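See structure below.
Proteins get letters first, then strands, A, B, ... in listed order; numbering begins at 1 in each. Quantities reported herein were computed from a predicted structural model and do not represent experimental measurements.
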Amino acid sequence: MRLHNTMSRRLEPLRPLRAGEVGIYTCGPTVYDAPHIGNLRTFLFEDVLRRSLHLLGYRVTQVMNLTDVEDKIIDGAHRAGQSIAEFTAPHVDEFFADLAALGIEPAEHYPRATEHIDGMIELIEALIEQGYAYTAEGGVFFRIDRFERYGRLSGIDLSQVVRGERVADDEYGKDDVRDFVLWKSAKPGEPSWPSPWGDGRPGWHIECSAMSRHFLGETFDIHCGGVDNIFPHHENEIAQSECAHQAPFVRHWLHSEHLMVDGEKMSKSKGNMYRLADLRQRGASLRALRYLFLSVHYRRKINFTDASLDAAGSALRRLDELRFRLEHVAGGGPDSTADGDAGGEEARQSDDRADATGFQEVLDALRRDFRAALADDLNLSAGLAALFRFVKETNRRLEAGLETRQAAAALAALAEVDRVLGVLDPEAWLEPTQSAAAWLGDAEIEALVERRDAARAERDWTEADRLRDELSAAGVVLEDTPGGTLWRRS
RNA sequence: GGCGACGUAGCCAAGUGGUAAGGCAGGGGCCUGCAAAGCCCUUAUUCGUCGGUUCGAUUCCGACCGUCGCCUCCA
């Protein structure tokens with residue numbers, strides 16, 4: 001597998017420290033508000049990464065931190081007259097609910113900054129002992145001059161930069177304006193923790209260094225985040241961790257590009273800072289949202305528009321249609337088909353049962369091309385192209401008459417691909433589109449379908465069409481085939 | 001100002017030193033009582049512009065134009 005590495009700015013083969021095992025640290029949310037769809041794009045990219053690694057046979061340990069102590073949180077809690085824990089709790093819930101709503105698999109660990117203060121203090125002590133950090137008015141600071149490699153990740157040349165007025169308002173007693181804070185001394189009324197340097201709270205960057213070390217060790221495989229984290233956050237993490245440990249920090253840096261809305265950067269002032277709740281209100285399909293995010297490479301900006309979401313929904317309908325027809329041929333409803341948990345072994349066996357009319361090659365091509373696309377820096381655009389080539393070819397054969405076994409094998413192949421995509425099973429995305437009043441039970445639908453069939457047999461097209469309209473209004477789509485009328489909920 | 005990314009059909013989006021995947025939308029046809037779905041055909045002599053290297057460039061180099069990002073706590 002090859003992945004782009006921000007450090008070298010090129011594709012590099014993934015070489016995990018321990019063969020077959022990958023440790024990933026992903027910068028998580030600051031829990032002062034519900035995530036916006038830009039945050040979610042990044043989390044979805046990280047979901048694709050872990051799912052891809054799984055499909056390609058790696059074991060994965062993913063850590064995602066929750067930043068639950070920080071200026072905005074302290075302000076918010078203060079204003080609400082709440083403790084930090086009280087203030088952040090609902091936002092933590094929103095965060096997990098949003099991940100679930102987008103089909104994002106849970107990480108192995110979700111540590112909170114406030115649970116790892118001790119680890120941060122240890123790191124800071126190590127930095128002070130080795131002369132990389134110093135105490136001054138306002139707290140403890142990292143001395144950037146002591147770390148020659150500072151700026152390598154972001155390509156920033158510190159000797160050129162940061163002499164402007166933006167740092168003039170600095171409230172701290174740093175030796176050098178470029179130094180960054182590791183520990184902030186508490187101001188009256190602020191939440192604080194005891195430390196060798198007095199009561200205070202950690203700076204932002206140190207939490208990731210402490211928590212990644214705790215769960216993944218001093219050196220680990222992959223660190224992810226949005227591009228805006230490259231500088232200063234990740235640059236500072238590198239400085240802290242490498243100086244404290246005297247060991248390499250991260251082998252592979254992966255950063256996802258931002259999301260734009262209607263061609264503009266999302267921002268509160270523009271009113272285009274959407275959260276999932278906003279999209280739900282507008283009747284958007286979250287399944288289509290996942291598909292849309294999946295369809296654009298992670299290092300490329302996505303321009304989110306209504307039209308793009310609609311197009312994603314249309315593409316999904318085409319995939320659903322194939323699945324629907326395959327399930328019918330495979331005999332049995334959705335319940336009897338392989339689901340997303342079908343292992344490679346099982347899928348392989350159903351392939352073998354598929355006959356040798358060349359359909360095997362169609363199945364193999366999907367598996368091969370899809371995996372190759374993932375292994376090439378998570379090129380899902382190419383992976384989806386492979387999927388649609390499979391769709392076209394399978395539809396063609398469906399028209400000519402596909403055997404039950406072949407249909408089952410095709411469904412198994414789709415399930416395998418869906419282990420990464422996570423959008424192919426409509427049953428998993430029950431999104432209420434119909435009002436309760438219009439909703440019909442299976443028996444009712446079948447009765448109406450039978451009545452329509454009877455009307456058609458008598459060539460009473462008016463009545464037949466009326467019944468079809470009635471079903472359509474209830475969200476039921478009919479398909480007349482030589483083998484009879486099929487129906488499904490849209 | 002410094003650093004960086006990108007600019008491929010109506011829209012979205014892969015890709016390669018040797019002649020442009022895929023999706024959406026559109027047009028024509030087959031099928032159908034009519035539909036729906038599906039299938040077939042069709043929609044970029046061309047990859048921002050201008051130069052250069054090359055037998056040959058969309059792909060490499062340079063300039064320019066445009067869009068966007070980062071430059072101390074925003075995914």
Next on the checklist: Please encode protein proximity along nucleotides 24-30 of chain B as a string of B, S and -, counting only heavy-atom distances under 4.0 Å.
Outcome noted: SS-----
Checklist entry - Does A/H233 have any ring pair (Phe, Tyr, Trp, His ring centres under 6.0 Å) partners at least two apart in sequence or in another chain, and if so, which? => result A/W204, A/H205
Checklist entry - Looking at the side chain of A/R468, which of B/G33, B/G7, B/G38 is the nearest nucleotide? => result B/G33
Checklist outcome for this item: Hits for side chain to side chain contact (heavy atoms under 4.5 Å, CB included) against A/A307, two or more places apart or cross-chain, chain-then-number order -> A/T305
Next on the checklist: So, using ring pair (Phe, Tyr, Trp, His ring centres under 6.0 Å) as the criterion, who are the partners of A/Y298 when residues are at least two apart?
Outcome noted: A/F45
Checklist entry - Nearest to the side chain of A/P232 - B/A37, B/U72, B/A14? => result B/U72
Next on the checklist: Test: salt bridge (charged side-chain N to carboxylate O under 4.0 Å, His left out). Region: residues 474-485 of chain A. Which pairs qualify, not counting sequence neighbours?
Outcome noted: A/R452-A/D480, A/R456-A/D480, A/E479-A/R488
Checklist entry - For residues 370-404 of chain A, which residue pairs qualify under ring-ring contact (aromatic ring centres under 6.0 Å, His included), counting only residues two or more places apart or in two chains? => result none
Next on the checklist: Without decimals, in angstroms, what is the distance between A/H4 NE2 and B/G4 C1'?
Outcome noted: 11 Å
Next on the checklist: Classify A/H258 by what it touches in the nucleic acid, base, sugar-phosphate, or nothing, heavy-atom distance under 4.0 Å.
Outcome noted: base
Checklist entry - When the ring planes of A/H91 and A/F87 are compared, do they come out parallel, tilted or perpendicular, using 30° and 60° as the limits? => result perpendicular
Checklist entry - Which part of the nucleic acid, if any, lies within reach of A/L322 when heavy atoms closer than 4.0 Å are counted: base, sugar-phosphate only, or nothing? => result nothing
